[in-house]
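Numbering of ligands and ligand atoms starts at 1, following listing order. The first residue of the sequence shown is numbered 1, and numbering continues consecutively from there. This is a predicted model, so every value here is computed, not measured.
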Amino acid sequence: MSAQRPRFPLQLDKLATTKRPGTIVPSVVLMSNIARQPGPSTLAVPQIVDSRARRADMVAKLKAQGMTDTVVLDAMGTVERHCFVDSGLGGQAYEYTSLPIGLGQTISKPNVVGRMLELLRSGHKGPLSRVLEIGTGCGYQAAVLSHIATEVYSVERLRGLHDRARENLRHFRLPNVHLILGDGMLGYPKGAPYSAIVSAAGGEAIPPAWIEQLAMGGRIVAPTVTAAGKQALVVIDKTAQGIRQNVLEAVHFVPLKSGLA
Ligand code: SAH
């Protein structure tokens with residue numbers, strides 16, 4: 001299957017090959033419905049002392065390091081990151097560290113989340129409308145996105161994490177977050193076109209489906225293996241003149257994998 005995907009750098013003449021056998025129809029869970037579903041009455045929210053102050057410190061540090069987008073900074077200052085990690089790790093939730101979220105996956109460092117969301121917004125005039133996130137993980141970034149976009153579609157291929165994110169997000173009651181169990185390499189056509197697509201997992205190339213489902217004027221931010229064989233942050237802009245691609249700094253994200261597990 002990987003032979004069908006274009007190698008990096010992206011070649012537009014190969015973008016028509018999206019149809020693959022065994023395509024999984026994703027199941028969609030609307031957060032507005034989740035809030036009404038019966039479920040465990042108690043949510044294991046790790047106790048940390050004055051999380052608001054911890055978030056304010058995190059935001060101050062992000063600003064000191066050059067982040068200027070107040071919309072992203074405010075969103076990150078609002079979402080209670082410690083609610084998304086294991087209770088034993090709650091104390092580290094606001095540190096500059098990636099943390100395990102189960103099934104061998106990690107939640108990115110706050111500065112990496114901030115950087116990617118700032119890049120997403122800077123590629124767009126006005127507020128973001130529909131955004132596709134690949135790799136829901138624990139749901140943290142989806143929660144931050146819910147504050148900066150009109151609708152958030154977040155796809156996760158691991159059922160355990162999809163369920164976990166649904167539990168984590170239940171507490172926040174975010175009607176504009178839609179969680180999908182599916183293979184994000186296929187995007188999520190039902191929500192398209194997207195004004196932005198952000199991936200929390202790094203592939204060998206930008207999947208053609210993402211380009212197809214991106215609105216004109218939209219932007220993709222995704223870790224991708226470059227010609228040098230190393231993962232870097234790649235920004236793709238879809239313009240009337242064609243696809244523009246910029247390779248930015250080196251990053252270390254978990255791999256983008258196909259299929260469900
Ligand atoms: N944004 C997440 C980070 C999750 S880590 C958060 O805030 O917690 C990246 C996630 O991408 C992992 O959960 C991994 O399972 C998922 N992933 C990898 N390949 C994928 C694919 N093809 N489709 C959907 N999710 C994928």
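The shell of residues lying under 4.0 angstrom from ligand 1, judged by heavy atoms, includes P255. Judged by the shortest distance from any of its heavy atoms, T136 lies inside the 4.0 Å radius around the atoms of ligand 1. Under a 4.0 angstrom heavy-atom cut-off, S108 registers as lying outside contact with ligand 1.
Shown here are the side-chain contact (heavy atoms from CB on, under 4.5 Å) partners of Q105, two or more places apart in sequence or in another chain: I101, L158, L161, V254.
Within the structure, salt bridge (Lys or Arg N to Asp or Glu O under 4.0 Å) pairs that include any residue of residues 88-101 comprise R54-E95 (at least two apart or interchain).
A distance of 3.5 Å separates CG in L62 from OH in Y96, rounded to the nearest 0.5 Å.
When each atom of ligand 1 is checked for a heavy atom of L161 under 4.0 Å away, the hits are 13 (O). Atoms of ligand 1 lying under 4.0 Å from at least one heavy atom of M185, given by number and element, are 22 (N). Near T106, meaning under 4.0 Å from one of its heavy atoms, ligand 1 places the atoms 3 (C), 4 (C), 5 (S). Counting atoms of ligand 1 from 1 in the listed order, those under 4.0 Å from a heavy atom of L158 are 15 (O). Contact atoms of ligand 1 toward V155: 24 (C), 25 (N) (distance under 4.0 Å to a heavy atom of the residue).
Contact check for R81 versus M76: no side-chain heavy atoms found under the 4.5 Å cut-off. Under the 4.5 Å side-chain criterion, counting only non-hydrogen atoms from C-beta, E204 is not in contact with Q231.
Between I107 and ligand 1, no pair of N/O atoms sits closer than 3.5 Å. For V254, no nitrogen or oxygen atom sits less than 3.5 Å from a nitrogen or oxygen atom of ligand 1, counting backbone and side chain alike.
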Should D69 and R121 be marked as a salt bridge (charged side-chain N to carboxylate O under 4.0 Å, His left out) after you check the CA-CA gap, both sets of side-chain angles, and the distance that decides it? CA-CA 8 Å; D69 186 335; R121 273 184 33 90; 2.7 Å; yes

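In this structure, F84 has its ring center under 6.0 Å from that of F172.
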